[in-house]
Structure formats: C-alpha cells, structure tokens
There are 2 protein chains.
Amino acid sequence: MGEIRVREVPRRYHHGDLRAALLEAAEEIIERDGVQALTLRAAARAVGVSHAAPANHFGDLTGLLSELAAIGYRRFAHALQAAKSSAEGSGERGAPAMGRAYVNFARQQAGMFALMFRSERLDMSRPSLRAAIDEARQALRDAASMRPKDAAPPSPLARAAEAVALWSLVHGFATLLLDGRLDGILSALPAGDDVDTLLAAILAPRHR
Amino acid sequence: MGEIRVREVPRRYHHGDLRAALLEAAEEIIERDGVQALTLRAAARAVGVSHAAPANHFGDLTGLLSELAAIGYRRFAHALQAAKSSAEGSGERGAPAMGRAYVNFARQQAGMFALMFRSERLDMSRPSLRAAIDEARQALRDAASMRPKDAAPPSPLARAAEAVALWSLVHGFATLLLDGRLDGILSALPAGDDVDTLLAAILAPRHR
DNA sequence: AAGCGAAGTTTACAATGTCAACATCGAGGG
DNA sequence: CCCTCGATGTTGACATTGTAAACTTCGCTT
C-alpha cells in the first residue's frame, strides 16, 4: 500500500511547518485507508519525521484526530452554508439542498466524515473542535429552518422535532450509505434511479 | 476499571464452554467500557484463560466481534418483530412502534448497537453475521411496510424511498442520540418533554 | 554573542494481535 | 481396557502502537 514518503530535500532538523504537514498527511491516510489506519507513527512516517515528533504539536493521538476533525467540521459548515445560499438564490426549499450537501460531503470525504461522527477518540472539550462543531450546527440550523413564510410558527417541541427529524434523516442516510447498508436496495432500484434520485425522493415534500 | 475475574473452581485445563463464556464477557466489556475496550486479551482475562485461548474459537479479533455482532442482530430482529406484533395488536401504525423499538434497543444496548453499526472490524462475509443481519433487515422491512390499506401501491422508487426514509430517520436519530449530538437540543426542550416525546413527535404522521 | 525554549530525536516500556511450538484431556477405535 | 489423536489451552515470542523521559538542534530574543 501507499506509505508514501516524499523527501528530496536533505532533511533539516526542523521541519518548518510540521503541524500543517501532519494534518495533511493524516487526511490523506484517512481518505485512503480509513480512520483506523491513522496512527501517530504512520503520520510521522508519511512526513518523514520521527515517531515522537507529532506529540509536540498535538499531544496525543486524540489531539491529532480532534484537530483534523475540527478542519472537517469547518469545511462541512462551509458546504452547508453554500447549499443554503444556492437554495436561496434559486427559490428552492432549504431542506433538499441541505440534504444533498450533507450527503455529498459524506460521500466525497468519507474518511473525514467517519472521523467527525464515528470516532470515539475525539476530545469534545477541545475549544477548536467545539467551535468548529458549533459552526457546522449553526449552518445546519440555518439551512433547515428556511421555511416558506406561511402558517403560524410551530410549538417549541414541533420546531425541535422538525430540525431533529431532518438532521436524523440525512445523517442516517449518509451513515447507512457509507456503511454499505443500502447497497442491496440501491442495486434493486429501477434503471435510471441511483443514490441521488433516491435521496431526492426521500427529501421531496411528499415525504416530509 | 472492573477487570472482573471470577474463578472459584480450581481451574481445569479445559473450560467447558469457553466460546459462550467469551461472548458473554465480551458483551459485558462492550456495555461497560465501550467497543474499543474489547480486546482479545481482555476477554480472555475476564474468563480466566490464557491470552491466546480465544483464537481457538474465533480465529482473530474480527471473528469475536463478528460473532458477538451476530448475536446482537438476532436480538435486534426479535425486538423489531415484537414491536410489529404489538402494533398489529393495538391497531397502531407500524412506523412509530418500529421506531421506538429501534431507538430503545440502541439506548438500552448502546455498546452492542455501536458494535453492530459502527465497527469497522466486522467480517460481513461471515455466514452467521450475514444471516443475522438479514433476519434484522427482514423484521425492519415487515414493520416498516405495515401500511393502512388505502391508496394505490406506490412506484418502486417511492416504495424504496419510503423504506429508506424511515430507516434513515430512526437510525440517524439513534446514532446522533448515542453520540450525544442531541444533548443540547434535548436539554432545551420544554419541561415535560424528553427523548421519547421528541421521537414520538418525529415519528408522528404529521411529520411523515 | 549567548543562551533559552520550542521543535525533533532516541530510547524505553507496556499493551495488543497474532503466530508457532508445546501441553492436556476426553472420546472413540483397537 | 488402553491408547492415541484431535480439539482445546498454554507459553513464549515478535512486530506494531501510544506514550513518556532524556537528550539534541537551532532560531530568536536580549
């Protein structure tokens, strides 16, 4: 397998920007070989430093995973915000656009998504991670709460239910999809239908 | 912390039913300390055998995890079937009863649920696991497809969308709940409302 | 110019999965 | 009845990993 280790330059004692290099290498490992393949030593090898070097920047493995997840959440937030803007521009409802963005992010950055939502080793008390998660949550909330200016505002419970229902729906779909749990259903779909049409059908007003 | 190791009897060389004992100990470890705490050696310690003994029954760690997950899926299938029967008896629609059963299983056997759906180390080609998953999928399908005998049968895409939507909804809810992602929302709920009422609101016809 | 502290390295240790060689024991065939 | 043979356990070993401690290098500040 990969174990890429580029290093033409003679290797100065100090790397220059090891922190960024490690995060970059870590992401590559995660996307290529999965979250469980990301070890401190593998990341160190990938950038050509000693196995204990990462400790200077991240403390322990949890630190590296958490900082990388924070990057993922910031990207995630931007993707959701972009979906909201795009939906506003085209007059579309918020939910379908948000749902597409959510699932597309999960599909295109599967390793990162798994790290963000399935890793037991994230330190949720880390400020950078908390902030990034809040950013994403805010974006999600904004996109989801785009409602046509129609009837009376719903009760607090109904409002929470609506938000949680949409989040659960798209998150469950993304999770099941990445885990291959939908493979059987997908391959049994009529010709011309695929993940995208299935998701669209799920997010269609008819179903919500 | 526990590291319980009961062993009053003098320890015969052969255990008697080590396979079952290991599975039992493994489940206890998983529920008490989480999936990542389940190691071959920890399970062996818990039942008082040598660290290499489990290999005789499960091959490797993946084998133990997979067999335990198969037990979980069989239990899960039974819980869903029971929910369906109960719904049929009371004339309730299938979806809410199934959703409750799904989420309750996840809450009451959180470690097992995590093993079943979040572990990267399950061997999906293992016949016992495949069979157990199929059993659960069938039960889920049965419960979900309970529909009032009303309008015309939907198109294949719509039918798939309906099933996947329900599954995604409850699975996403369970996953987010176990990951603590709903904690903020839950604590902001009006007095008297809790997880159950929130789930009920989500599964109410209004929302589907 | 000096040296101080951040950034890297080396060494070491415990835990784990896994393999190989060996020990034990019970059941079934002579 | 015994005896052997295969399943079940044990011991020992090895590579990998996270992590800590002691040491080294080097850019920046005073």
Side-chain angles (χ1 to χ4, degrees), chain A residues 1-3 5-7 9-26 29-30 33-69 115 119-123 126, chain B residues 1-3 5-7 9-26 29-30 33-69 115 119-123 126:
Chain A
M1 305 304 176
E3 278 302 318
R5 182 216 300 226
V6 216
R7 190 120 317 262
V9 291
R11 265 289 291 295
R12 295 176 303 242
Y13 195 97
H14 287 103
H15 180 284
D17 195 0
L18 182 55
R19 183 190 158 89
L22 284 171
L23 287 170
E24 202 174 333
I29 292 172
I30 267 190
D33 303 322
V35 178
Q36 80 293 344
L38 174 51
T39 67
L40 279 179
R41 291 168 107 111
R45 273 194 300 271
V47 302
V49 296
S50 80
H51 65 261
N56 287 312
H57 299 275
F58 303 103
D60 56 7
L61 181 59
T62 295
L64 173 59
L65 295 174
S66 300
E67 290 302 322
L68 187 56
L115 172 68
S119 176
E120 299 94 2
R121 295 208 53 179
L122 298 187
D123 178 8
R126 199 169 267 250
Chain B
M1 297 301 167
E3 278 301 321
R5 183 217 298 230
V6 216
R7 189 115 324 254
V9 291
R11 263 292 289 294
R12 294 176 306 239
Y13 194 96
H14 289 102
H15 180 283
D17 195 0
L18 181 54
R19 183 190 158 90
L22 283 171
L23 287 171
E24 202 174 332
I29 292 172
I30 268 189
D33 302 323
V35 179
Q36 80 292 344
L38 175 51
T39 68
L40 280 180
R41 291 169 107 111
R45 274 194 300 271
V47 302
V49 295
S50 80
H51 65 260
N56 287 313
H57 299 275
F58 303 103
D60 56 7
L61 181 58
T62 295
L64 173 58
L65 295 174
S66 301
E67 291 301 322
L68 188 56
L115 173 68
S119 175
E120 299 93 3
R121 293 208 56 178
L122 297 186
D123 179 6
R126 198 168 269 249

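Quick note on labels: first sequence line is chain A, next is B, and so on, each numbered from 1.
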side-chain contact (heavy atoms from CB on, under 4.5 Å) with [X]: which residues, sequence neighbours excluded?
| X | value |
| --- | --- |
| B:Ser119 | B:Leu65, B:Leu115, B:Arg121, B:Leu122 |
| B:Ala55 | none |
| B:Gln36 | A:Glu120 |

Given atom [atom1] of [X] and atom [atom2] of [N], what is their separation to the nearest angstrom?
| X | N | atom1 | atom2 | result |
| --- | --- | --- | --- | --- |
| A:Asn56 | C:dT10 | CG | P | 14 Å |
| A:Ile29 | D:dT17 | CD1 | C1' | 14 Å |
| A:His15 | C:dT9 | NE2 | C1' | 15 Å |
| A:Arg12 | D:dG27 | CZ | P | 9 Å |
| A:Phe58 | C:dG8 | CZ | C1' | 14 Å |

Please output the side-chain donor-acceptor pairs of residues 16-26 of chain A that fall under 3.5 Å, not counting sequence neighbours, one pair per line with the distance.
from: A:Arg19; atom 1: NH2; to: A:Glu67; atom 2: OE1; distance (Å): 3.2

Show the distances under 3.5 angstrom between N or O atoms of the protein and N or O atoms of nucleotides 3-5 of chain D.
none

Task: Under the side-chain hydrogen bond (donor to acceptor under 3.5 Å, both in side chains) test, residues paired with B:Asn56 that sit two or more places apart - done: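 Expected list: none.
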Open item on the list: Looking at every heavy atom in both B:Val49 and B:Ala53, which two are closest together, and how far apart are they?
Closed with: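 Shortest heavy-atom contact: CG2-CB, 3.7 Å.
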- [ ] Using a 4.0 Å heavy-atom cut-off, write out nucleotides 14-24 of chain C from 5' to 3' as B (base contacted by protein), S (sugar-phosphate only) or - (no contact).
- [x] --BBBB---BB
- [ ] Check whether any side-chain heavy atom of B:Leu40 lies under 4.5 Å from a side-chain heavy atom of B:Leu64, and answer yes or no.
- [x] yes
Task: B:Leu38 vs B:Leu68 side-chain heavy atoms within contact, under 4.5 Å - done: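 Yes, side chains in contact.
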